[in-house]
Amino acid sequence: MNVNQSLALIRQGTAEIIGEAELAAKLKTGKLLKVKYGADPSAPDLHLGHTVVLRKLRQLQEMGHTVQFLIGDFTSLIGDPSGRSATRPPMTPEEIQVNAQTYQDQVFKILLPEKTEVVFNSRWCQPMNFSDVIRLAGRYTVARIMERDDFQKRYQAGRPIGLHELLYPLIQGYDSVVLRSDLELCGTDQIFNCLVARALQVDDGQEPEAIIAMPLLEGLDGVNKMSKSLGNTIGITETAQDIYGKVMSIPDELMMKYFELLTDIPVDELKKMLLDWESGQLHPRKLKARLAHTLVAQYHTLQAANQAEQEFDRIFTNSELPREIPEKVLARTILHDGKLWIVRLLHDTGLVSSKSEAQRMLRQGAVQVNQQKIKDAELDVPITDGTVIQVGKRKFVKIKLTSG
RNA sequence: GGACAGGUGGCCGAGCGGUCAAUGGCAACAGACUGUAAAUCUGUCGGGCGCAGCCCUACGAAGGUUCAAAUCCUUCCCUGUCCA
């Protein structure tokens, strides 16, 4: 593969490349690049949003380049001193260790271990003293820091910005200085930090790293970027059934983007799919089912994907009971004449969080016992071993009675 | 240090003495419909009670005024803006 071909491949699916000329020049020398990627150990579970960037990294690895997988343990160690953001409490070194391990285990579902160098930024951040920090801070200006969209918006909206937050881009930039990175990958929301890295590298007498920014993947709501704090993620370690179902629940408009950024299906084929969909030859449901199937197969197995698909059709298309229903043990002694009040039943099986909710669900017609809809909140229902209770479309429980 | 503006349910945001468990939006959940856990429409959405009703706990915190407080007063905590 010559340099132009590699560049074309690298460019695929990216949102923006900064310093492309330098990148091309470096590639021409045949040099193998050090590609930095920063990860936050506070939320170690990978979701499809992460995989957009990880897949690009994998592609670069296959070209021979090395990934510097940087775990930003230092900032997690400090936490967020303003105490405002509950999502960033300081973490203990042990927690970080555990999370980092989880992270690595998951990351190697995509990255090649032999081409990955895992580094922790506490290694060089921790020993810095206050004068080091001041010196570092002196290498950038307030005006330039405030260019960041996020800061600007918050400032204009009169929202608090902790002083330490202004320092975070500097820390990340400094990481690149220490690692002498040639290229950094990130989501478009992180471009600012990478730009700081370039400036600091130049200040240090290095060549600035190139930046490849990948598009942000919208989550289940179809609007916001996929992120754990928004609860709109599809995690790669989730069950086959959940991944399948969640993918089926994304808005139709998002399908092609998911195909493009998350699967290996060639661009030409995707184009054809889109045409067929638009012309009405291909039903959108089928298209989405293929997406769901492909993604499950990617993170589980082909077999699991087939099964998940069957199960999904079973439950939602044919409204049948799932193949496997979680069992819930109930003591026979709470029954009266083999019966139990429906509200209590729903509550005790954990299908609803309160009895008031049970009442509501009954009123709304969401409750079924052995496939029979129940609306009467006064009813005592006969319970036997294997009675199946359902609330809504997705919650099922099978009763197991004990004599105790 | 001074002046001013704020802190309300998972989030955003109304209310500014009684009719407030608190309008509205988002999220969530349910139902209908369908092509899916898409879209759309409708409904629910603090907790308890065998529940068209009643009872608890809630509007930054603690006290107070009042028959009655999210709403008024005092102190404290927190946030922002401007001035220094």
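The chains referred to below are lettered A, B, ... by the order of the sequence lines, with proteins before strands, and numbering in each begins at 1.
Counting only N and O atoms by type, the side chains of A:K328 and A:T349 include no donor and acceptor under 3.5 Å apart.
A cation-pi contact, defined as under 6.0 Å to the ring centre and within 45° of the axis, is absent between A:R154 and A:F151.
The phosphate of B:U36 has OP1 or OP2 within less than 4.0 Å of a side-chain N or O from A:R285. Residue A:K373 places at least one side-chain N or O closer than 4.0 Å to OP1 or OP2 of B:A32.
One N or O on the side chain of A:Q68 and one on the backbone of A:L179 form a donor-acceptor pair closer than 3.5 Å. In this structure a side-chain-to-backbone donor-acceptor pair under 3.5 Å is present from A:R58 to A:I110. Not one N or O on the side chain of A:D242 forms a donor-acceptor pair closer than 3.5 Å with the backbone of A:T239.
For A:A366, counting side-chain heavy atoms from C-beta on, the closest listed nucleotide (B:U36, B:U44, B:G31) is B:G31. Among the nucleotides B:U36, B:A37, B:G50, the one closest to the side chain of A:K246 is B:A37. Of the candidates B:A37, B:G35, B:G47, the closest approach to any side-chain atom of A:R360 belongs to B:G47. The side chain of A:S356 lies closest to B:G48, out of B:G35, B:G50, B:G48. Residue A:K393 places its side chain closer to B:A37 than to any other of B:A37, B:A30, B:G48. Set against B:G48, B:G50, B:G80, the side chain of A:E378 has B:G50 as its closest nucleotide. For A:K288, whose side chain is taken as the heavy atoms from C-beta onward, the closest listed nucleotide among B:C29, B:U36, B:U81 is B:U36. In this structure, the nucleotide among B:A32, B:A37, B:G47 sitting nearest to the side chain of A:S354 is B:G47. Side-chain proximity of A:P160 to the nucleotides B:C29, B:U79, B:G50 is greatest for B:U79. You'll find that the side chain of A:P284 is closest to B:G35, out of B:A37, B:G50, B:G35.
A donor and an acceptor atom never sit less than 3.5 Å apart when one is taken from the side chain of A:Q364 and the other from the base of B:G31.
The nearest heavy atom of RNA chain B to A:W341 and to A:L230 marks one nucleotide each, and the one closer to the 5' end goes with A:L230. Both A:I250 and A:H336 lie near RNA chain B, and the one whose nearest nucleotide falls closer to the 5' end is A:I250.
Atom CZ of A:R159 is separated from atom P of B:G7 by 13 Å (rounded to the nearest Å). The distance from atom CE of A:M248 to atom C1' of B:U34 is 13 Å, rounded to the nearest whole Å. In this entry the distance linking CG of A:L220 with P of B:A39 reads 11 Å, nearest Å. Across the protein-nucleic acid pair, A:Q390 atom CD and B:C29 atom P stand 15 Å apart, rounded to whole Å. Protein atom CD1 of A:I234 is 18 Å distant from nucleotide atom P of B:U36, rounded to whole Å. Whole-Å rounding puts the A:L362 CG to B:A52 C1' distance at 16 Å. The nearest whole Å value for the distance from the CG atom in A:D252 to the C1' atom in B:U40 is 13 Å. Whole-Å rounding puts the A:L346 CG to B:G48 C1' distance at 17 Å.
Taking atom P on both B:G64 and B:A58, the two are 15 Å apart, rounded to the nearest angstrom. Nucleotides B:U66 and B:U74 place their C1' atoms 16 Å apart, quoted to the nearest Å. Nucleotides B:C77 and B:A39, compared at atom P, are 48 Å apart to the nearest Å. Across B:G25 and B:U75, the matching P atoms stand 39 Å from one another, rounded to whole Å. Rounded to whole Å, the P atom of B:A70 lies 12 Å from the corresponding atom of B:C20. Comparing the P positions of B:U40 and B:C4 gives an interatomic distance of 48 Å, to the nearest angstrom. Taking atom C1' in both B:G46 and B:A38, the straight-line distance is 32 Å, to the nearest Å. Across the C1' atoms, B:C12 and B:G7 are found 14 Å apart, a figure rounded to whole Å.
No engagement by A:I315 is indicated, since no non-hydrogen atom pair under 4.0 Å with the nucleic acid exists. A:K395 comes within 4.0 angstrom of nothing in the nucleic acid, heavy atoms only. Residue contacts shown for A:G245 include a base, since a base heavy atom lies under 4.0 Å away. No engagement by A:Y244 is indicated, since no non-hydrogen atom pair under 4.0 Å with the nucleic acid exists. Heavy atoms of A:D376 sit nowhere under 4.0 angstrom from any nucleic acid atom. Within 4.0 Å of A:N224, counting heavy atoms only, lies no atom of the nucleic acid at all. Residue contacts for A:Q241: at a heavy-atom cut-off of 4.0 Å it reaches a base atom on one of the strands shown.
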Tell me, what's RNA chain B's dot-bracket, Watson-Crick or G-U with both distances under 3.5 Å, | for other-strand, [ ] crossing?
((((((((.[[[..)..(.....]]].(((((.......))))).((((...))))...[[[[[..)....]]]]]))))))).
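Note: A:F316 and A:F312 have tilted aromatic rings, judged against thresholds of 30 and 60 degrees for the angle between ring planes.
Applying the side-chain contact (heavy atoms from CB on, under 4.5 Å) rule to A:T263 yields the partners A:F259, A:I265, A:L291, A:T294, A:L295, A:Q298; only residues at least two apart in sequence or on another chain are considered.
Classification of A:E209 and A:R198 as a salt-bridged pair fails, no side-chain N sitting under 4.0 Å from a carboxylate O. Of the charged side-chain nitrogens involved, none lies within less than 4.0 Å of a carboxylate oxygen, so that A:K272 and A:D268 do not count as a salt-bridged pair.
Counting heavy atoms from C-beta outward, A:W341 and A:H336 have side chains that stay 4.5 Å or more apart.
Minimum heavy-atom separation, A:N232 to A:K225: ND2-O, 3.3 Å. Across A:L46 and A:Q106, no two heavy atoms sit closer than the pair N-OE1, 2.7 Å.
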Please list, for nucleotides 21-23 of chain B, all pairs of protein and nucleotide N/O atoms separated by less than 3.5 Å.
none

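Between A:F316 and B:A37, no base-stacking contact is recorded for ring centres under 5.5 Å apart and planes less than 30° from parallel.
Between A:S176 and the choices A:Q201, A:Q206, A:K34, A:E184, the side-chain hydrogen bond (donor to acceptor under 3.5 Å, both in side chains) rule is met once, by A:E184.
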